[in-house]
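Quick caveat: nothing in here was measured; it's all calculated off a predicted structure. In each ligand, atom 1 is the first atom listed, and ligand 1 is the first ligand listed.
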Amino acid sequence: MQKSLDKNSQMECPRHGDQRPAFICRHLQHGEELGFHQPDAPPMADWPFQNAWCDKCDRVLMQEGEWNERSEGFADIIAICEGCFEEVKQRNIKKL
Ligand SMILES: [Zn+2]
Ligand SMILES: [Zn+2]
């Protein structure tokens, strides 16, 4: 992940304006109902960014046991704004 950001980092979204960045796997970006997984641990003070990944990435993560080269390579994490993150979340959470 892009740890060169600091906790006050912002990005400018063409639709939502200045926002904090959030991180998702590439599959979620345009996907629908792919599942939406977030870390169990709350965001840390020095890394307060949201992140999420889909069912497929979660399976790779379970196999690998951690975020490593393989699981991160599969997820191919991208940065989006927090507004977009909410939209992606609504679109990818599986409806019961
Ligand atoms: Zn994914
Ligand atoms: Zn946005």
| task | Return the set of residues passing side chain to side chain donor-acceptor pair (under 3.5 Å) with Glu33 (not counting sequence neighbours), or none when no residue passes. | result | none

| task | Would you confirm whether Ser71, through its side chain, and Glu66, through its main-chain N or O, come within 3.5 Å as a donor-acceptor pair? | result | yes

| Got a donor-acceptor contact below 3.5 angstrom from the Asn92 side chain to the Leu34 backbone? | yes

| Is the side chain of Arg26 donor-acceptor paired with the backbone N or O of Ala75 at a distance under 3.5 Å, no angle test? | no

| query | Going by atom types alone, do Glu86 and His16 pair a side-chain donor with an acceptor below 3.5 Å? | reply | no

| request: Any salt bridge (Lys or Arg N to Asp or Glu O under 4.0 Å) involving residues 45-63? Give me the pairs, sequence neighbours left out, ordered by first then second residue. | output: Asp55-Lys94

| message | Tell me whether the rings of Phe85 and Phe36 are parallel (<30°), tilted (30 to 60°) or perpendicular (>60°). | response | perpendicular

| task | Could you grab the protein N, O or S atoms closer than 2.8 Å to the Zn ion (ligand 1) for me? | result | Cys25 SG, His27 ND1, Cys54 SG, Cys57 SG

| query | What protein N, O or S atoms come within a distance below 2.8 Å of the Zn ion (ligand 2), ordered by chain and number? | reply | Cys13 SG, His16 ND1, Cys81 SG, Cys84 SG

| message | Please tell me whether Leu28 and Ile93 are part of a single hydrophobic cluster in this structure, the criterion being side-chain heavy atoms less than 4.5 Å apart. | response | yes

| request: Mark yes or no for whether Arg20, through its side chain, and Lys7, through its backbone, hold a donor-acceptor pair below 3.5 Å. | output: no

